[in-house]
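Structure first, then comments.
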2 protein chains.
Amino acid sequence: MPQPPDPNIFQKHNHRSCRSSGMKEARAFCKAQGLRLTPVRARVLEILLESHKALGAYDILARLKEDNLGSQPPVVYRALEFLVGNGFAHKLERLNAFAACCQPDAAHEPMFLICQNCRKVAETPLQPIGREIDRAAADLGFAVVSRMVEVTGTCPTCQAGT
Amino acid sequence: MPQPPDPNIFQKHNHRSCRSSGMKEARAFCKAQGLRLTPVRARVLEILLESHKALGAYDILARLKEDNLGSQPPVVYRALEFLVGNGFAHKLERLNAFAACCQPDAAHEPMFLICQNCRKVAETPLQPIGREIDRAAADLGFAVVSRMVEVTGTCPTCQAGT
DNA sequence: GCCTGTGTTGTTATAACATTACATTACCTA
DNA sequence: TAGGTAATGTAATGTTATAACAACACAGGC
Ligand SMILES: [Zn+2]
Ligand SMILES: [Zn+2]
Ligand SMILES: [Zn+2]
Ligand SMILES: [Zn+2]
C-alpha cells in the first residue's frame, strides 16, 4: 500500500518506495489520461527517481545510451518535455537540470530546495507564499502567469556531515 | 538631482535619468570601493541600462563588437561577472539573460517580474516574502544560502496593448 | 625611470545545454 | 489492412558558458 506521501525527501525514508510508487503512479495516471508512458519516457523517469538529485539532460542521455534507448539529445529532451509537461518531473532553472517530482498530485506548485553540496532537491508547497508574490506583483500592475522559487543551501544530511 | 528611486520601471518614467544615474552611481561606488569600472565593464552596464530588458550575453557581445570593445565570449562574461558580483546587474536564470539593477543599494534582495511579451524586468523587494521562504525551508531542516524568485507574466503596458 | 606583482583583456578552443528538421517506425482505429 | 497520428532515430546546428594561456596595463616600491 502506498505510504502517506511525506514530501520531505531530506528525511531518512524508504527510498525503494519512492521509486516504485513513483513509477506506479505515473503508469496509472498515464493510463487514466490516455498518455503513453513509452520505454524511453519510463526509463528517463526511472533514472530521475533513482535519486532525488538534479540531473542534467546529458547525464540522463548517457544513462539511456547504456540501455540502448536513444543516443541523441532530442530523445532525452522530448522525454523530459513529456515528463515535465505532465507533472512527473520538474526543471530546475538555476541548474539547467531536472528532477523527478515527489508528489505528482494533479496540480501542485512547489518551491524547490536545492542542496549545493549533494544536488538533492526537495519540494515544498509554494502556497501561501505564492499569494504574497502575486500581491507584490499586483502592486506594480504586473499580471502573474507563473512563479518560480528556487532556494539553494544545505540539506540536513550535508549540514550534519561537517 | 537624483529623483527618488521609484523601483517600478513599468511606470512611465524619466528613463534618461535611469541611465545617467545608474552610471553615475556605479562610478561613485567603484571609486569608493576601489573597484575598476573599465571601458568594457562600463559599456556593458550602459548597454543594459539602455532598456529595462533582459539581454542575452551574446546580444551584449554583438553590441560590444560594434564599439570594438572585445569580440569573444569571455570578454562579456567577465564583465557580467563583475557587474553581477558587485550588484550592478542581475542574472535572470529562467532566461539565461542579464538586466541592469534598478536600485543598486548596498545589499538588496529582489524578486524579478519578467514580462513574457517585451522582456522588460522589474525588481521589487523580496522581503518579507524571503522570510516566509526561509521558514518553509527550515521546516524541512534546510539551511538557506540564497533565494531566487522569478515571476513571469505580463507588464502593465503589454496588458493594455491588447 | 624600472622592476614586479596583480588585475584586466585578447584569443583560441572547447564544454555544456538545447533545438530544428526531416526520415522512419509504432500504434490506433476505421 | 490502409491511413492518420504520435513517437522515435538521426544529423546538423544553434545557444549559452568556461578553460587555458598569452599579452597588456596599472600601481607601488626600488
Ligand atoms: Zn513536484
Ligand atoms: Zn545535501
Ligand atoms: Zn527606466
Ligand atoms: Zn511588457
Side-chain angles (χ1 to χ4, degrees), chain A residues 26-27 30-48 53-86 88-99 114 119 148 150, chain B residues 26-27 30-31 33-48 53-86 88-99 114 119 150:
Chain A
R27 288 192 197 287
C30 286
K31 192 155 211 170
Q33 301 291 311
L35 300 170
R36 293 171 55 192
L37 192 62
T38 61
V40 174
R41 293 167 175 178
R43 185 66 189 118
V44 171
L45 181 54
E46 271 177 6
I47 289 166
L48 290 175
K53 298 188 181 181
L55 296 180
Y58 281 74
D59 297 331
I60 298 167
L61 183 56
R63 306 280 305 275
L64 281 184
K65 267 184 203 165
E66 292 171 5
D67 302 350
N68 292 311
L69 271 174
S71 59
Q72 305 302 325
V75 173
V76 69
Y77 279 103
R78 285 189 292 229
L80 287 167
E81 182 183 25
F82 172 86
L83 295 173
V84 171
N86 291 290
F88 303 127
H90 298 291
K91 176 165 188 185
L92 301 156
E93 301 286 352
R94 255 183 137 157
L95 301 178
N96 295 317
F98 300 84
I114 305 166
R119 276 177 81 96
M148 193 202 53
E150 291 181 9
Chain B
R27 288 192 197 287
C30 285
K31 193 154 209 173
Q33 301 290 311
L35 300 170
R36 292 172 56 192
L37 193 61
T38 61
V40 174
R41 293 167 176 177
R43 184 70 189 117
V44 171
L45 180 54
E46 270 178 5
I47 289 166
L48 291 175
K53 299 189 179 179
L55 296 180
Y58 282 74
D59 297 330
I60 298 167
L61 183 55
R63 305 282 305 275
L64 281 185
K65 268 184 202 165
E66 292 171 5
D67 303 350
N68 292 309
L69 271 174
S71 60
Q72 304 303 324
V75 173
V76 69
Y77 278 102
R78 286 189 291 228
L80 287 167
E81 182 183 25
F82 173 86
L83 294 173
V84 171
N86 291 290
F88 303 126
H90 297 292
K91 176 166 189 185
L92 301 156
E93 300 286 352
R94 261 184 132 157
L95 302 178
N96 294 317
F98 300 84
I114 305 166
R119 278 176 80 96
E150 290 181 10

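Naming: A, B, ... by sequence-line order, numbering from 1 per chain.
- Atom OG1 of B/Thr38 and atom CZ of B/Arg41 lie 4.5 Å apart (nearest 0.5 Å).
- Using the six-membered ring where Trp is involved, B/Tyr58 and B/Tyr77 have ring planes that are perpendicular, over 60° apart on the 30 and 60° scheme.
- In plain terms, the two heavy atoms of B/Gly56 and B/Ala97 that are nearest each other are N-CB, 4.1 Å.
- Side chains of A/Val84 and A/Glu81 form no contact here, defined as non-hydrogen atoms less than 4.5 Å apart.
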All N/O contacts under 3.5 Å from nucleotides 26-28 of chain C to the protein, with atom names and distances to one decimal?
none

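- Heavy atoms of A/Phe82 sit nowhere under 4.0 angstrom from any nucleic acid atom.
- For the pair B/Asn96 CG and C/dT19 P, the computed distance is 11 Å after rounding to whole Å.
- At the heavy-atom level, A/Arg41 lies under 4.0 Å from the strands shown only through sugar-phosphate atoms.
- For the atom pair B/Lys91 NZ and B/Leu80 CG, the distance stands at 9.5 Å (nearest 0.5 Å).
- Looking only at side-chain heavy atoms (C-beta outward), A/Leu64 and A/Ser71 stay at 4.5 Å or farther from each other.
- Applying the 3.5 Å distance criterion, the base of C/dG7 shares no donor-acceptor pair with the side chain of B/Arg78.
- What separates CG of A/Leu37 from P of D/dT8 is a distance of 10 Å, to the nearest Å.
- Contact annotation: the side chain of B/Leu83 never approaches that of B/Phe98 to less than 4.5 Å [non-hydrogen atoms, C-beta and beyond].
- Where B/Ala79 and A/Leu95 meet DNA chain C, the nucleotide closest to each residue was compared, and B/Ala79 sits on the side nearer the 5' end.
- Atom CD in A/Glu93 sits roughly 13 Å away from atom P in C/dC17 (whole-Å rounding).
- Rounded to whole angstrom, the span from the OH atom of A/Tyr58 across to the P atom of D/dT16 amounts to 14 Å.
- Between the side chain of B/Tyr77 and the base of D/dA19 there is no donor-acceptor pair of N/O atoms closer than 3.5 Å.
- B/Leu55 has its CG atom 16 Å from the P atom of D/dT15, to the nearest Å.
- Taken to the nearest 0.5 Å, the CD atom of A/Glu66 stands 10.5 Å off from the CG atom of A/Leu61.
- Rounding to the nearest 0.5 angstrom, the gap separating the CE atom in A/Met148 from the CD1 atom in B/Ile114 is 7.0 Å.
- Using a 4.0 Å cut-off, no side-chain N or O of B/Lys91 falls inside it from OP1 or OP2 of D/dT16.
- The distance between atom CD of B/Glu81 and atom P of D/dT16, rounded to the nearest whole Å, is 18 Å.
- Rounded to an integer number of Å, the gap from CZ of B/Phe98 to P of D/dT15 is 16 Å.
- B/Leu35 CG to B/Arg27 CZ: the interatomic distance, rounded to the nearest 0.5 Å, is 13.5 Å.
- Between its opening and closing five pairs, the helix from C/dG1-D/dC30 to C/dA30-D/dT1 changes axis direction by 20°, a value rounded to 10 degrees.
- Atom CD in B/Glu150 sits 8.5 Å away from atom CZ in A/Arg94 (nearest 0.5 Å).
- No donor-acceptor distance shorter than 3.5 angstrom exists from the side chain of B/Asp59 to the backbone of B/Leu55, with no hydrogens or angles considered.
- Annotation: proximity of residues 61-76 of chain B to DNA chain D (heavy atom, distance under 4.0 Å) is found for B/Pro73, B/Pro74, numbered in ascending order.
- The distance between atom CG of A/Asn86 and atom P of D/dA6, rounded to the nearest whole Å, is 14 Å.
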